[in-house]
**Q** 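Let me give you the structure first, and then I'll get to my questions.
Numbers here simply count residues along the sequence, with the first being 1. This is a predicted model, so every value here is computed, not measured.
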Amino acid sequence: MSQINKLKIFNDPIYGFITIPNALIYDLIQHPYFQRLRRISQMGLSYLVYPGANHTRFHHALGCMHLMQKAVVVLRFKGVAISTEEENALYIAILLHDIGHGPFSHAMEKSIVEDVHHEEISLLFMHQLNAEFDGKLDLAIKVFKGEYHRLFMLQLISSQLDMDRMDYLKRDSFYSGVAEGNVNSERLIQMMNVVDDVLVIEEKGIYSVEKFLMSRRLMYWQAYLHKTSLVAELILTRILKRAKELTGKGVVLPCSEPLQYFLQHKITMNTFDAGTLDLFAQLDDFDIISALKGWQRQSDFILSSLSKMIINRDLLKIKLTSEKVAIEDLNPLKERFALENNISLLEANYFIFKGKIKNQAYSKEAEPIRILKKDKTVEDVIESSDQLNLKSLSKSVTKYYICFPKQLVEMNI
């Protein structure tokens, strides 16, 4: 295929036309590893709350690359030297930053692979692609790992004000219909600059930063940590755990070969070899939904009941509270539910459990968002802002939850 045919255009509902900058990027997008992202939902099971939230990680990765193209243009205009090789590394690193996500994004990390995070799997995919593309991803990997001397390049990919967050807030807001998340990414990028190889936002952009942080806080409460999205993901995590438990006892559950492999093996970062990566690359949302449809009819009460909950959107009840819930308070519920359904107290834990969620829009511990003042000094956005609410946005808010079957609602909890 000629170079010209590879400079294609995507029509994106958020930004309009997104252009592919060169043949290497085109070939990466065409690779089966990347095409798999078309089958991984960006917001997990949030479509059970917001029916429009069916967009994918593929959408999001292209959007991030588009914003990165804008950022490179702005920074070069302001005199920041970015070589063609560095520019390409930025595009590749942001394009592949989420390539390691499993089905429904986070449920896999907490169930059938043992503490292997998607960032680590993304890096494994990058190394594999680098081997296939004759080392052309060397610099992108260096930047992604934070090993390149120009810190601002990592900050554009992963920081408290990066292309990733700018795209997912705007995109998730658009598809979910939660208008509060709509950030002005265009304005934020226009306000970017680099001082001593560190990313800064010019002082006149401070209100856009405040709006961005507020939007992030609201999107977490209204979308990402929405109680129905939360309970759906918790149920899915428990389904996969139960499936792994039953498989360990010799029960053969109907599902795709790649999913079967992850149910049968204990997968840690140490055992995540090339073969495992290839099987992981074949896993997507469709494997999980297909499995759940079959598992509804399994004889195991736990697996079939929980699978039906997701398929039919008839979920557990979830209650949020600002007070911590004592484990003893759940025991009467567990005893009653276990008795009614002829299961053990241990098995009742699949249906009745507690936990907590945290929301912190801005972290004082992480790399700060730096404001470039008119006198050329640089300071943390919290110090620059005249808004008291920005200080409160840096405080972590914790909420506690309990989940239990709907038939227990009439009991006074």
Side-chain angles (χ1 to χ4, degrees), residues 8-21 25 28-29 34-72 74 90-106 118-119 122 156-190 192 208-209 211-226 228-230 232-233 284-285 359 361:
K8 293 200 179 291
I9 291 172
F10 287 97
N11 196 347
D12 182 72
I14 314 282
Y15 310 116
F17 293 116
I18 293 178
T19 55
I20 297 178
I25 301 286
L28 286 169
I29 290 170
F34 193 80
Q35 288 294 318
R36 164 184 164 273
L37 296 181
R38 290 181 184 272
R39 303 184 300 279
I40 305 281
S41 62
Q42 168 71 9
M43 288 179 72
L45 289 159
S46 292
Y47 65 83
L48 294 175
V49 183
Y50 300 108
N54 274 307
H55 55 304
T56 65
R57 294 262 161 203
F58 182 87
H59 263 131
H60 165 60
L62 290 175
C64 291
M65 182 191 71
H66 174 74
L67 292 181
M68 189 66 85
Q69 287 171 289
K70 299 254 183 208
V72 168
V74 167
L90 284 170
Y91 297 158
I92 293 167
I94 197 68
L95 190 70
L96 303 180
H97 78 282
D98 267 351
I99 201 169
H101 266 292
F104 293 108
S105 297
H106 297 286
H118 70 268
E119 293 92 347
S122 290
L156 288 169
I157 293 154
S158 178
S159 67
Q160 297 203 72
L161 188 64
D162 55 24
M163 302 304 116
D164 176 31
R165 290 183 184 191
M166 276 189 216
D167 181 81
Y168 78 61
L169 288 173
K170 199 170 179 67
R171 189 169 299 279
D172 297 350
S173 160
F174 176 86
Y175 281 97
S176 64
V178 178
E180 288 80 1
N182 189 7
V183 297
N184 191 347
S185 48
E186 192 85 17
R187 166 91 176 153
L188 283 163
I189 290 170
Q190 287 296 331
M192 285 182 168
S208 300
V209 175
K211 165 75 169 63
F212 168 84
L213 293 172
M214 184 56 83
S215 296
R216 187 163 185 266
R217 177 178 176 271
L218 294 174
M219 274 301 281
Y220 267 84
W221 286 135
Q222 281 187 254
Y224 311 130
L225 296 176
H226 185 289
T228 308
S229 306
L230 176 66
E233 188 171 299
D284 55 51
D285 292 5
N359 187 0

**Q** Donor-acceptor check, side chain of Thr56 to backbone of Ser41, threshold 3.5 angstrom: yes or no?
**A**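 Answer holds: no.
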
**Q** Is a side-chain N or O of Arg216 found less than 3.5 angstrom from the main chain of Ala361, in a donor-acceptor match?
**A** yes

**Q** Applying the side-chain contact (heavy atoms from CB on, under 4.5 Å) test to Ile20, which of Leu62, Ile29, Leu28, Leu95 qualifies?
**A**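 Among Leu62, Ile29, Leu28, Leu95, the one meeting side-chain contact (heavy atoms from CB on, under 4.5 Å) with Ile20 is Ile29.
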
**Q** I need the His101 NE2 to Glu119 CD distance, nearest 0.5 Å.
**A**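 Output value for this atom pair is 7.0 Å.
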
**Q** Ignoring hydrogens and angles, state whether a donor on the side chain of His60 or Asp172 is under 3.5 Å from an acceptor on the partner side chain.
**A**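 On atom types as modelled, these side chains do not qualify, holding no pair under 3.5 Å.
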
**Q** Okay, side chain of Thr19, backbone of Ile9: is any donor-acceptor separation there less than 3.5 Å?
**A** no

**Q** Tyr47 vs Leu45, test: side chain to side chain contact (heavy atoms under 4.5 Å, CB included). Steps then yes/no.
**A** CA-CA 5 Å; Tyr47 65 83; Leu45 289 159; 3.8 Å; yes

**Q** Keeping the roles fixed (side chain from Lys70, backbone from Gln190), state whether a donor-acceptor pair exists under 3.5 Å.
**A**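 Here the side-chain-to-backbone pair does not exist.
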
**Q** May I ask you to check whether His59 and Tyr175 place their ring centers less than 6.0 Å from one another?
**A** yes

**Q** Please find the pair of heavy atoms, one from Met166 and one from Tyr15, that lie closest to each other, and give the distance.
**A** O-OH, 4.5 Å

**Q** Contact between Tyr168 and Met219 at the side-chain level, heavy atoms closer than 4.5 Å - yes or no?
**A**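 They are not in side-chain contact.
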
**Q** Let me see the working for Tyr224 and Asn359 under side-chain hydrogen bond (donor to acceptor under 3.5 Å, both in side chains), right down to the final yes or no.
**A** CA-CA 10 Å; Tyr224 311 130; Asn359 187 0; over 6 Å; no

**Q** Between atom CD of Gln222 and atom OG of Ser229, what is the distance when rounded to the nearest 0.5 Å?
**A** 11.5 Å

**Q** Using modelled atom types only, decide if a donor and an acceptor are shared between the side chain of Asp284 and the backbone of Ile40 within a distance under 3.5 Å.
**A**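 No, Asp284 side chain to Ile40 backbone: no donor-acceptor pair under 3.5 Å.
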
**Q** Between atom CD1 of Ile189 and atom CG of Asn184, what is the distance when rounded to the nearest 0.5 Å?
**A** 9.5 Å

**Q** Determine whether the side chains of Asp164 and His97 contain a donor N or O and an acceptor N or O closer than 3.5 Å.
**A**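 Yes - a donor-acceptor pair under 3.5 Å links their side chains.
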
**Q** Quick one: pull up CG in Leu225 and CZ in Arg217 and give me the separation to the nearest 0.5 Å.
**A**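 That separation rounds to 11.5 Å.
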
**Q** Could you tell me whether a side-chain N or O of Gln42 sits under 3.5 Å from a main-chain N or O of Asn54, the two making a donor and an acceptor?
**A** no

**Q** Please confirm whether the backbone N or O of Ile99 pairs with a side-chain atom of Arg36, one donor and one acceptor, at under 3.5 Å?
**A** yes

**Q** How many angstroms lie between SG in Cys64 and CG in Asp162, if you round to the nearest 0.5 Å?
**A** 8.0 Å

